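Step one of this worksheet: look at the structure below.
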There are 2 protein chains.
Amino acid sequence: MTDAEQRSLARLEVRERGLRRGAVLVRENEPTGELFILKRGMMMSYVLLDDGSRQILRFLFPGDMLGVSGLVYRRSPETVVALTDSAVCPFDRSEMTGIVTMHPRLAAIIMAVNQMERVALTDRLAALGRTSAKGRVAALLLEIRNRMRALDKGIVDTFTLGLTQEEIGDATGLTAVHVNRMLRQIEDDGLIAREAGRVTFLNEGALAQAANYTDRFSGIDLSWLPEAR
Amino acid sequence: MTDAEQRSLARLEVRERGLRRGAVLVRENEPTGELFILKRGMMMSYVLLDDGSRQILRFLFPGDMLGVSGLVYRRSPETVVALTDSAVCPFDRSEMTGIVTMHPRLAAIIMAVNQMERVALTDRLAALGRTSAKGRVAALLLEIRNRMRALDKGIVDTFTLGLTQEEIGDATGLTAVHVNRMLRQIEDDGLIAREAGRVTFLNEGALAQAANYTDRFSGIDLSWLPEAR
DNA sequence: CGGTAAATTGACCTGGGTCAATAAATGTGG
DNA sequence: CCACATTTATTGACCCAGGTCAATTTACCG
């Protein structure tokens, strides 16, 4: 990445705002304002349905851009909250237009990241539509571990999930009770071990098979990106 | 839109390729090549799971860009097929880099459309995770009608669905048998009428309520787009 | 050291799936 | 235009994965 590109991106992170666990950064249906980059911590986005049930849409990790729907919608289609104490860097929509205008290659990279997120969403769509409860829970465990490992190479088979079983249920379309049963079953099958909120993969291959997991990290090709300006 | 912008977009549509109903345009796991713009007809994208079940990810209508994941992935994560006789305009990835480089405002518009598609996906995720079979079928009927109406203002309450009940099931995460029962129930409730593959909305309000439907068309704000170059 | 949120587990229920048989609709070759 | 073949739609009977409800137990927190 060129110096100019890095400077433009750095400008998105001049301000920083801390968030306590549970703090709401963006609330569904409220006017959208700034966008954010997640600097530290873990967050999630969700929607609430009329009957009060919740669907968690996505877990957010450092480096992710938050509240991007604010670019397009006057009111936010989703709520964004902190799952752990976190820090975000707010920036204005106009910063985005500046980047797109001045750095076409960054614009292309943002489009590429959007595509990767879209594919992650369609993978979850297929999981909710067509896989068993056990498979969905297994898929969630793999997804969280993979995201954590991408940020911290020290994480391999053991990690702190940091989610309640109710949250796992709201992400996978299950009830907390059934999530509990599925975790127990996965544990009894010898695929994972659990203790004090930490999960250890004992048989990642079998877990991936149960989850119908497809690795999307390999197979990425960004050779089409334009030259840096 | 400026002349230059229109010329650039028109260059994406110089070639045209016809597709018969059922023709596969892009096959899952096969190398990605060109991108496409759907010119005429209706198509869909889907993934197949290990057990042979299918999840339909999206229905595609004229104006939609197809195979965009080819920008990022060496092999396609999804299959794209024609639901009716259709026509697409293939173009090379390099055309995309050209547009992004020369027309920042078009790049921004593409990013905006991506966001709208992402929100449509999260709406479906919430439907699969947290709504009843009847609600999901109702939501699908509304979605298809709305997309058709956006292209043909003449369509109001009556339209040709153009999907088998098995396809509706693969989109909503249900079996064809249960889709049949839900359609019958929605009909018996007086919300729709059916005859010869055509559906008529008799009580759109109740249908929207059953579907937990949220209108995303209003509420769009593109004031942040950069100036045309 | 309470007090509240989260995890577990059992008993029982139901929305949606499975299987199977027909009926309708849509094509196709002649 | 007709007879036959293949999808697609329907419906009934029955089953089960996952939900509901309720009671404990355990972990976390000020």
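Throughout, protein chains are lettered first and strands after them, A, B, ... in sequence-line order, and every chain is numbered starting at 1. Keep in mind that this is a model prediction, so the values were computed, not measured.
Comparing B/E166 and A/V179 against DNA chain D, the residue whose closest nucleotide sits nearer the 5' end is B/E166. Heavy-atom distances to DNA chain C give each of A/V177 and A/R130 a nearest nucleotide, and the one nearer the 5′ end belongs to A/V177. Sequence order on DNA chain D of the closest nucleotides to A/A196 and A/H178 puts A/H178 first from the 5' end. Each of B/K134 and A/Q165 was matched to the nucleotide of DNA chain C holding its nearest heavy atom; the match closer to the 5' end belongs to A/Q165.
A sub-4.0 Å separation between OP1 or OP2 of C/dT8 and a side-chain N or O of A/R194 is present.
With a 6.0 Å cutoff to the six-membered ring centre and a 45° limit on the axis angle, B/R145 does not count as a cation-pi contact of B/F159. Because its NZ or CZ atom is not both nearer than 6.0 Å to the ring centre of A/F61 and within 45° of the ring axis, A/R147 does not count as a cation-pi partner of that residue.
Rounding to whole angstrom units, CZ of residue A/R198 and C1' of D/dA27 are separated by 16 Å. Distance, A/L183 CG to C/dA7 C1': 10 Å, rounded to whole Å. What separates CG of A/D51 from C1' of D/dG19 is a distance of 14 Å, to the nearest Å. D/dG18 atom P lies 15 Å from atom CG of B/L128, rounded to whole Å. Put simply, CD on A/E195 is 17 Å from P on D/dT26, counting in whole angstrom units. Here C/dA6 presents its P atom at 14 Å from CG of A/L161, a figure rounded to the nearest Å. Atom-to-atom, CD of A/Q185 to P of D/dA17 comes out at 10 Å; the value is rounded to the nearest Å.
Under the side-chain contact (heavy atoms from CB on, under 4.5 Å) test applied with A/M43, the options A/L83, A/V88, A/V81, A/T84 reduce to a single match, A/V88.
Residue A/L174 is in sugar-phosphate contact alone, with no base atom involved, counting any heavy-atom pair closer than 4.0 Å across all strands shown. Residue A/R184 is classed as a sugar-phosphate contact, given heavy-atom separations below 4.0 Å to backbone atoms only. B/G173 comes within 4.0 angstrom of sugar-phosphate atoms only, judged by non-hydrogen atoms across all strands, and of no base.
For A/N180, the listed nucleotide lying nearest its side chain is C/dT8; candidates were D/dG18, C/dG16, C/dT8. For A/T175, whose side chain is taken as the heavy atoms from C-beta onward, the closest listed nucleotide among D/dT20, C/dG27, D/dG18 is D/dT20. Closest approach to the A/T164 side chain among D/dG19, C/dG17, C/dA6 is made by C/dA6 (side chain taken as heavy atoms from C-beta onward). When distances are taken from the side chain of A/S132 to each of D/dG18, D/dT11, C/dT9, the shortest belongs to D/dG18.
If you check distances only, the side chain of A/R181 does reach the base of D/dT20 with a donor-acceptor pair under 3.5 Å.
A salt bridge links A/D221 with B/R93: the closest approach of a Lys/Arg side-chain nitrogen to an acidic carboxylate oxygen falls below 4.0 angstrom.
Of the possible polar contacts, none joining the B/R74 side chain to the B/E30 backbone as a donor-acceptor pair under 3.5 Å is found.
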